[in-house]
Q: 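After the structure tokens below, expect a handful of questions from me.
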Number of protein chains: 2
Amino acid sequence: MKLLTRNTDYAVRAICCMASKPEKVFTVAELTNGLKIPRPFLRKILQLLNKEGIVRSTKGLGGGFTLAMKPSRIFLSVLMEAFQGPLKINECIFKKKICPDIGRCPLRRKINMIEDHVVSELRSVTIGSLIKKG
Amino acid sequence: MKLLTRNTDYAVRAICCMASKPEKVFTVAELTNGLKIPRPFLRKILQLLNKEGIVRSTKGLGGGFTLAMKPSRIFLSVLMEAFQGPLKINECIFKKKICPDIGRCPLRRKINMIEDHVVSELRSVTIGSLIKKG
DNA sequence: TTATAATGATACCATTTTAGTATCATTCTG
DNA sequence: CAGAATGATACTAAAATGGTATCATTATAA
Ligand code: FES
Ligand code: FES
């Protein structure tokens with residue numbers, strides 16, 4: 001059961017890193033040093049985060065990435081959706097074949113309940129909630 | 001987010017099928033007819049179910065597979081474990097690197113909570129509960 | 001104004017996991 | 001013994017994931 005894929009995980013850490021100094025512009029190199037993530041891969045990740053508006057990029061010398069939102073507004077669920085697609089648990093294989101009435105299929109009902117719970121939990125996690133140290 | 005992989009799904013359906021006539025010995029061919037699962041693949045699945053003691057096989061002419069347990073005792077969680085490994089949500093990537101104290105990492109705590117919920121839900125689903133039609 | 005340091009865009013490759021096949025051995029029944 | 005079934009196991013195919021490479025663009029500063 002994989003909940004977070006690697007790029008989501010990387011994204012989370014990178015953002016946590018950046019959240020520690022909100023004003024600083026981080027170059028990819030700096031972030032990789034701290035995090036030991038393959039550099040070109042992290043670049044790709046940051047580029048997507050930029051498109052998503054979670055991070056802001058500036059080009060050229062002295063450029064790099066900064067958070068575009070407050071950590072408390074960055075939801076784990078949003079990161080997961082960006083990197084892993086919609087938060088949906090897989091459909092069943094035999095659509096109508098087996099299940100006479102998909103609306104009443106007890107397996108699907110159960111799966112949907114699980115999904116609802118998982119998703120609502122994920123939606124409650126923000127980067128902000130992750131970095132406030134204990 | 002994939003909860004059930006294909007072979008688990010196939011296994012569930014095959015078992016549901018078999019549960020409808022508990023005394024009948026099903027040949028693989030019969031099951032594939034009903035279910036449209038690639039025959040050799042279903043064989044492999046049934047062989048594993050046999051090893052797990054969920055299904056009983058008899059060889060030779062007139063042989064095939066029967067359920068070895070009552071549907072109400074066959075848990076979805078057990079099938080998932082058999083086909084997909086332990087019901088554990090992925091560990092984080094940077095073991096000790098980032099997380100100063102894994103016991104206190106709020107992300108991990110959250111993930112663990114989600115995992116506990118999912119697993120306990122899955123443990124409550126049996127084939128029996130799936131086949132009692134509404 | 002040009003060299004350089006940064007990201008943007010994108011195509012490509014590698015690895016791992018999942019899905020599915022093929023084959024031969026074994027066993028049971030008639 | 002013939003044939004119908006599964007047992008065991010090795011192999012292949014396809015998809016998802018993880019990671020590289022490359023060239024274009026932009027900004028800074030000597
Ligand atoms: S057919 Fe998909 S859960 Fe019932
Ligand atoms: S390091 Fe894994 S969840 Fe904190």
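Letters A, B, ... mirror the listed sequences (proteins, then strands); counts begin at 1. Worth knowing before you read on, the calculation uses all heavy atoms, side chains too, and leaves out hydrogens, waters and symmetry mates. It should be emphasised that the depicted structure is a prediction, and the values quoted were computed from it without experimental measurement.
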Q: State the CD1-CD distance between B:I45 and B:Q47, to the nearest 0.5 angstrom.
A: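 Here the interatomic distance stands at 10.5 Å.
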Q: Taking atom C1' of C:dG20 as reference, at what distance in whole Å does atom CG of B:L35 sit?
A: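 So the two atoms are 17 Å apart, to the nearest Å.
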Q: Just wondering, do A:L76 and A:V12 contact through their side chains at under 4.5 Å, heavy atoms?
A: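 Yes, at least one pair of side-chain atoms sits under 4.5 Å.
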Q: When you measure from the side-chain N and O atoms of B:N50 to the phosphate of D:dG7, is any distance below 4.0 Å, counting only OP1 and OP2?
A: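 Yes, because at least one side-chain N or O of B:N50 sits under 4.0 Å from OP1 or OP2 of D:dG7.
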Q: I need the B:R56 CZ to B:M69 CE distance, nearest 0.5 Å.
A: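 So the gap between those two atoms works out to 10.5 Å.
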Q: What's the CD-P distance between A:E30 and C:dA5, to the nearest Å?
A: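 Taking atom P of C:dA5 as the reference, CD of A:E30 is at 14 Å.
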Q: Each nucleotide in nucleotides 12-30 of chain D should get exactly one letter: B, S or -. Can you fill that in based on protein heavy atoms under 4.0 Å?
A: ------SBB-B--BBBBS-
Q: Which value, rounded to the nearest 0.5 Å, describes the distance between A:L4 atom CG and A:L122 atom CG?
A: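 If we round to the nearest 0.5 Å, A:L4:CG and A:L122:CG are 7.5 Å apart.
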Q: So how far is it from A:I127 CD1 to A:L67 CG, rounded to the nearest 0.5 Å?
A: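 With rounding to 0.5 Å, CD1 (A:I127) is 8.5 Å from CG (A:L67).
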Q: What is the separation between atom CG on B:L49 and atom P on D:dT6, rounded to the nearest whole Å?
A: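 It works out to 13 Å between those atoms.
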Q: Rounded to whole angstroms, how far apart are CG on B:L42 and P on C:dG20?
A: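 About 11 Å, once rounded to whole Å.
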Q: Calculate the interatomic distance between B:I45 atom CD1 and C:dG20 atom P; express it in whole Å.
A: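 Those two atoms, CD1 and P, are 8 Å apart.
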Q: Would you say A:L46 and A:L31 make side-chain contact, with heavy atoms under 4.5 Å?
A: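 Yes, their side chains come closer than 4.5 Å.
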Q: Expressed as a whole number of angstroms, how long is the span from A:R56:CZ to C:dG8:P?
A: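 Going from A:R56 (CZ) to C:dG8 (P), I get 13 Å.
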Q: How close or far is atom P of C:dA6 from atom CD of A:Q47, stated in whole angstroms?
A: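 To the nearest whole Å, that distance equals 15 Å.
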Q: How long is the line joining CD of B:E52 and P of D:dT6, in whole Å?
A: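 The distance from CD of B:E52 to P of D:dT6 comes to 19 Å, rounded to the nearest Å.
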Q: As a test of reading the structure: which of D:dT6, C:dA9, D:dA8 is closest to the side chain of B:V28, going by heavy atoms?
A: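 The answer is D:dT6.
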